[in-house]
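These notes are about the structure you will find just below.
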Amino acid sequence: MGKIIGLLSALFLATLSAAPYAHADAKKGEALFNDKGATKCLVCHAVGKKLVGPDIAGVSKRHSKAWLAKWIAKPQDTWSSNDPETVQLKKSVHKETAPKTGHMPPPLTDEQASDIADFLMTK
Ligand code: HEC
């Protein structure tokens, strides 16, 4: 049983990391994260404090880079997917049965999302 779960998670991670997030860059991601007008991240998040959304501090310990990039590019699809990281997030914000996420950045390209995810992996 443990082996099967291990195999399934390995397959799951392999699928995520096969996504085309090649040109990522933490510095570009930091600038995007801090650009309140363009990405709105700072409207709902801070590093070191909870606002509308969870505290960003320690986020790299809770999530993989691949999940973060997906979460930023396609919030509602990720929310509905109920992958293990999303289930964990739902539990931590006590929204296990909520159909919609309150995480609503404006539409971003996969490359922008990947850059922001690279930046978040430093937090
Ligand atoms: C309108 C408010 C809002 C905006 C804008 C927003 N978020 Fe969120 N975010 C949330 C909420 C609320 C959650 C928690 C999930 C939920 O309740 O749906 C969340 C969850 C997250 C998480 C998971 C945190 C954890 O501890 O697991 C990350 C990472 C994140 N957001 C990053 C971002 C980034 C990066 C941006 C900008 C591109 C952004 N968010 C824009 C509200 C927002």
Side-chain angles (χ1 to χ4, degrees):
M1 188 61 186
K3 268 193 193 149
I4 293 175
I5 290 174
L7 189 64
L8 286 176
S9 355
L11 278 174
F12 173 68
L13 289 174
T15 315
L16 283 182
S17 49
Y21 296 127
H23 306 286
D25 186 311
K27 275 255 172 291
K28 275 197 258 167
E30 179 170 15
L32 284 165
F33 181 82
N34 288 323
D35 188 339
K36 212 175 194 172
T39 61
K40 309 254 188 297
C41 308
L42 292 180
V43 174
C44 299
H45 294 281
V47 183
K49 167 164 106 170
K50 181 190 176 310
L51 299 180
V52 177
D55 187 350
I56 292 299
V59 79
S60 65
K61 290 175 190 71
R62 295 189 289 278
H63 297 291
S64 62
K65 195 218 144 174
W67 183 89
L68 286 169
K70 192 173 151 217
W71 173 241
I72 294 163
K74 298 190 165 58
Q76 186 57 43
D77 287 357
T78 310
W79 186 257
S80 305
S81 75
N82 274 328
D83 65 71
E85 284 189 51
T86 305
V87 170
Q88 198 53 48
L89 169 63
K90 287 183 177 179
K91 279 188 191 146
S92 76
V93 295
H94 309 291
K95 286 190 185 172
E96 285 92 331
T97 57
K100 290 214 184 280
T101 177
H103 161 83
M104 292 179 281
L108 298 166
T109 66
D110 284 349
E111 183 164 347
Q112 287 173 317
S114 180
D115 288 342
I116 297 171
D118 264 352
F119 166 64
L120 294 181
M121 288 312 281
T122 70
K123 296 287 146 196

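- One distance of note links CD of Q112 with CG of D35; it measures 9.5 Å at 0.5 Å rounding.
- A search for side chain to side chain donor-acceptor pair (under 3.5 Å) contacts involving S60 returns nothing, not counting sequence neighbours.
- The side-chain contact (heavy atoms from CB on, under 4.5 Å) check on A57 picks up V47, D55, with sequence neighbours excluded.
- Shortest non-hydrogen contact noted between V52 and K50 is O-NZ, 4.0 Å.
- Here N34 contributes atom CG and T39 contributes atom OG1; the two are 8.0 Å apart, rounded to the nearest 0.5 Å.
- Atom OG1 of T109 and atom CD1 of I72 lie 11.0 Å apart (nearest 0.5 Å).
- Not a single donor-acceptor pair under 3.5 Å links the side chain of H45 to the backbone N or O of L51.
- Nearest heavy-atom pair, A69 versus S114, reported as atom, atom and distance to 0.1 Å: CB-CA, 4.1 Å.
- Judged as a side-chain contact (heavy atoms from CB on, under 4.5 Å), and not counting sequence neighbours, the contacts of A98 are W79, K95.
- Between L32 and L108, every side-chain heavy-atom pair lies at or beyond the 4.5 Å cut-off.
- Not counting sequence neighbours, the partners of Q76 by the side chain to side chain donor-acceptor pair (under 3.5 Å) test are S80.
- You'll find the side chain of F33 reaches within 4.5 Å of the side chain of I56, heavy atoms only.
- Here CG of D118 is found 12.0 Å from NZ of K27. Values are rounded to the nearest 0.5 Å.
- Hydrophobic clustering (ILVMFWY, side-chain heavy atoms < 4.5 Å, transitive): V43 and F119 are in distinct clusters.
- Within the structure, every pair that satisfies the side-chain hydrogen bond (donor to acceptor under 3.5 Å, both in side chains) test and touches residues 96-106, not counting sequence neighbours, is listed here: W71-H103.
- For the pair N82/K90, a side-chain contact is recorded, criterion being any heavy-atom separation below 4.5 Å from C-beta on.
- With sequence neighbours excluded, no residue satisfies side chain to side chain donor-acceptor pair (under 3.5 Å) with T122.
- Rounded to the nearest 0.5 angstrom, C44 SG and K36 NZ are separated by 9.5 Å.
- V59 and M104 fall into different hydrophobic clusters, defined by Ile, Leu, Val, Met, Phe, Trp and Tyr side-chain heavy atoms under 4.5 Å apart, directly or through other members.
- Under the rule for a side-chain contact (heavy atoms from CB on, under 4.5 Å), the partners of K74 that lie at least two apart in sequence or sit in another chain are D77, T78, D110.
- When the ring-ring contact (aromatic ring centres under 6.0 Å, His included) test is applied to H63, the partners found at least two apart in sequence or on another chain are W67.
- Between the OG atom of S64 and the CG atom of D83 there is a distance of 8.5 Å, given to the nearest 0.5 Å.
- Residues passing the side-chain contact (heavy atoms from CB on, under 4.5 Å) test with S92, sequence neighbours excluded: L89.
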